[in-house]
Amino acid sequence: MLRPGVELLRWFMAQQRQLPWRTPFPRDPYLVLLSEVMLQQTQVHRVTPLFRRFVENFPTLEALAKATEAEVLAAWSGLGYYRRARALHAAARAIHAAGAWPTTRETLHALPGLGPYTAAALAAFSFGGSDPPVDGNVTRVAARVLALNAPASSVRLRREAERWARQLHRHAPTPATFEALMELGARICRPKLPSCDRCPLAAICAAHASNASDRYPLPSSRRPRETHRWVALWLVRRDGRVLLHRRGEGQLLSGLWLPPIRELVDSQEPKAAAAALLNTLGLEARLTPGKPISHSITHRDITVFPFLAKCDLTQVAENSELAWVPPDDPGVATSSLTHKLSLACCPLLTELGLPVSYRSA
DNA sequence: AATTCGGGGCC
DNA sequence: GGCCCAGAATT
């Protein structure tokens, strides 16, 4: 059992990617916490640039704890799963208020947003913990090495993966072993078309022995997809600012700032719905249709029909749920859909004699 | 145990 | 167009 751990570590030392949070062990717990929360269900190449920007905005735990939730959410814009940002902020405040970091998996698990995986990862990478962080990568690698016929989401597979990773770590007792397992899953033992010819664990892999790596783990059941149609109003003032609305609780993207949106019912015409939505804002304006946008949120496929209109300065007053913002630098928490709509409406601006983008004084 | 929550990249 | 991603919280 010694050999696999050594082979894995050898491969990792030679092949690992340089990532901004991969500093020598034990790592700065703040940077580990931040990266691990960002990496929940989010791929490395998407996290990397945002991680750098976030650390510039909030360089320390104290800086994050003293920021407002709105500021944190704004810095999280575009990354998705915005609940993570709220929980991260709450965790930072709790740690800062306590005056010291929890250092065990169990006590870390008690913080908001830290589940079994993140708590184990933070404990291992920053505090010498020996409980394996079991993520989707480790689960998949274990399912193949052990040829376990279980769905990736099953409790049984998670438990077996943790037991196996723990053994590996006992024979190669460094946090790098855990990181190496995840790196292996991301780079070699991929979900599709794994590169078994380059795998340091191929010699002990049961799935590879039967040439059936692609059959593990079993697929999890998935909710069927729904299709939706939305209209969005892109209302532009003469100074280039656009109207955004803070979405309420109980709906998608709650707390984020998007243009006014309404869902189309049945076979309703987009233009009619846009006019009705405009009416509820107490406005009258000529609506120009923009190019439809595709957006997906979990199991929903949404087609968004944008309508652009020129607005007078005094027609809509700002309040806590309504704000005129420069679209290229809103300064509030936005969804990537907000950005998509901005891009889709940009070509229409010049046609209507509006400035193509806001320029700050 | 199942559902919810974002978003993008890749086959 | 389906699948998956360094998951957690809620039901």
Side-chain angles (χ1 to χ4, degrees), chain A residues 16-17 19-22 27 31-51 73 76-88 90-91 108-125 132-141 150-158 161 165 175 178-187 189-194 214 217-227 247 249-256 258 293-302 333-340:
Chain A
Q16 68 173 303
R17 295 168 288 182
L19 299 173
W21 50 87
R22 282 190 179 164
R27 292 177 178 159
L31 298 183
V32 174
L33 172 64
L34 182 56
S35 62
E36 292 298 344
V37 172
M38 283 188 170
L39 286 163
Q40 289 169 6
Q41 293 292 284
T42 309
Q43 287 161 347
V44 166
H45 66 90
R46 292 195 52 217
V47 166
T48 304
L50 204 130
F51 175 84
L73 269 178
W76 202 270
S77 291
L79 198 59
Y81 284 159
Y82 298 93
R83 173 165 49 198
R84 293 182 295 174
R86 302 180 216 270
L88 172 69
L108 288 165
H109 195 358
L111 291 168
L114 279 75
Y117 164 77
T118 307
L122 183 47
F125 296 151
V134 178
D135 69 338
N137 290 308
V138 177
T139 303
R140 183 174 55 257
V141 172
S153 57
S154 67
V155 174
R156 197 186 115 220
L157 180 47
R158 293 270 163 173
F178 297 140
E179 193 158 52
L181 270 181
M182 291 189 272
E183 183 83 349
L184 187 74
R187 305 277 302 278
C189 198
R190 298 179 301 249
K192 295 175 183 177
L193 299 178
D214 56 342
L218 297 180
S220 312
S221 63
R222 287 182 191 286
R223 176 164 180 178
R225 302 191 72 75
E226 304 166 0
T227 61
R247 294 172 65 82
E249 291 186 32
Q251 49 183 338
L252 292 172
L253 304 171
S254 69
L256 302 190
L258 278 82
I293 292 169
S294 296
H295 192 72
S296 62
I297 298 177
T298 62
H299 63 284
R300 302 173 190 79
D301 291 324
I302 308 163
T334 56
S335 157
S336 72
L337 177 55
T338 310
H339 186 237
K340 283 186 191 175

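So that the names make sense, note that chain A is the first sequence line, chain B the second, and so on, each numbered from 1.
- Donor-acceptor pairing under 3.5 Å is lacking for the side chains of A:Arg222 and A:Ser220.
- A:Leu31 approaches A:Phe51 most closely through the heavy-atom pair O-CE1, 3.8 Å.
- At the heavy-atom level, A:Trp76 lies nowhere under 4.0 Å from the strands shown.
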Any protein N or O atoms within reach of nucleotides 9-11 of chain C? Criterion: under 3.5 Å, listing atom names and distances.
from, atom 1, to, atom 2, distance (Å)
C:dA9, OP1, A:Gly113, N, 2.5

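- Heavy atoms of A:Thr118 sit under 4.0 angstrom from primed sugar atoms or phosphate atoms, though from no base atom.
- Atom CE in A:Met38 sits about 14 Å away from atom C1' in B:dG7, given to the nearest Å.
- If you check every strand for non-hydrogen atoms under 4.0 Å, A:Val155 touches sugar and phosphate atoms only.
- The side chain of A:Arg190 contributes no N or O atom lying less than 4.0 Å from OP1 or OP2 of B:dC10.
- Closest to the side chain of A:Tyr117, out of B:dG9, B:dG6, C:dA6, is C:dA6.
- Each of B:dG8, B:dG6, C:dA6 was ranked by its minimum atom distance to the side chain of A:Lys340; first place goes to B:dG8.
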Tabulated below should be each protein N or O lying under 3.5 Å from an N or O of nucleotides 1-5 of chain C; please produce it.
from, atom 1, to, atom 2, distance (Å)
C:dC4, OP2, A:Arg222, NE, 3.3
C:dC4, OP2, A:Arg222, NH2, 2.3
C:dC5, OP1, A:Arg140, NH1, 2.4
C:dC5, O4', A:Gln43, NE2, 3.4

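- When heavy atoms are screened at a 4.0 angstrom cut-off, A:Ser336 is found touching the sugar-phosphate backbone but no base atom.
- Place A:Ser221 and A:Leu79 on DNA chain B by their nearest nucleotides, and A:Ser221 ends up nearer the 5' end.
- Rounded to an integer number of Å, the gap from A:Arg46 CZ to B:dG6 P is 12 Å.
- Atom CG in A:Leu108 sits about 17 Å away from atom P in C:dG7, given to the nearest Å.
- For A:Arg158, there are no salt bridge (charged side-chain N to carboxylate O under 4.0 Å, His left out) partners, not counting sequence neighbours.
- Under the 3.5 Å distance criterion, the side-chain polar atoms of A:Ser77 are matched with a main-chain donor or acceptor of A:Thr334.
- One atom, CD of A:Glu36, and another, C1' of C:dG7, lie 11 Å apart when rounded to the nearest Å.
- A:Arg225 pairs by the side chain to side chain donor-acceptor pair (under 3.5 Å) definition with A:Asp301, not counting sequence neighbours.
- For the residue pair A:Thr42 / A:Arg84, a side-chain donor-acceptor distance below 3.5 Å is found, with atom types taken as modelled.
- As judged by a 4.0 angstrom heavy-atom cut-off over every strand, A:Gly185 is placed among residues making no nucleic acid contact.
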Only pairs under 3.5 Å count here: list side-chain donor-acceptor contacts from residues 109-122 of chain A, not counting sequence neighbours, and write none if there are none.
from, atom 1, to, atom 2, distance (Å)
A:His109, ND1, A:Leu114, O, 2.9
A:Tyr117, OH, A:Glu36, OE1, 2.7
A:Thr118, OG1, A:Gln40, NE2, 2.9

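- Looking at residues two or more places apart in sequence or on another chain, you find no ring-ring contact (aromatic ring centres under 6.0 Å, His included) involving A:Tyr81.
- Look at CD on A:Gln40: it is 14 Å from P on B:dG6, rounded to the nearest Å.
- When heavy atoms are screened at a 4.0 angstrom cut-off, A:Ser335 is found touching the sugar-phosphate backbone but no base atom.
- Distance noted for atom P between C:dT11 and B:dG6: 16 Å (whole Å).
- Residue A:Arg22 is classed as a base contact, given a heavy-atom separation below 4.0 Å to a base.
- Distances shown here put a side-chain N or O of A:His295 below 4.0 Å from the OP1 or OP2 atom of B:dG7.
- Nucleotide B:dG7 holds its C1' atom 10 Å from the NE2 atom of A:His45, rounded to whole Å.
- Remark: the separation of the P atoms in B:dT3 and C:dA6 is 24 Å, to the nearest Å.
- A donor-acceptor pair under 3.5 Å is absent between the side-chain atoms of A:Arg187 and the main chain of A:Leu184, judged by distance alone.
- Note that the NE2 atom of A:His295 and the CZ atom of A:Arg300 stand 10.5 Å from one another [nearest 0.5 Å].
- The separation between A:Phe178 atom CZ and C:dA6 atom P is 18 Å, rounded to whole Å.
- At a threshold of 4.0 angstrom between heavy atoms, the contacts of A:Leu193 with the nucleic acid are absent.
- The backbone N or O of A:Ser294 lies less than 3.5 Å from a partner atom in the side chain of A:Lys340, making a donor-acceptor pair.
- Counting to the nearest Å, the P atom of C:dA8 and the CG atom of A:Leu122 are 12 Å from each other.
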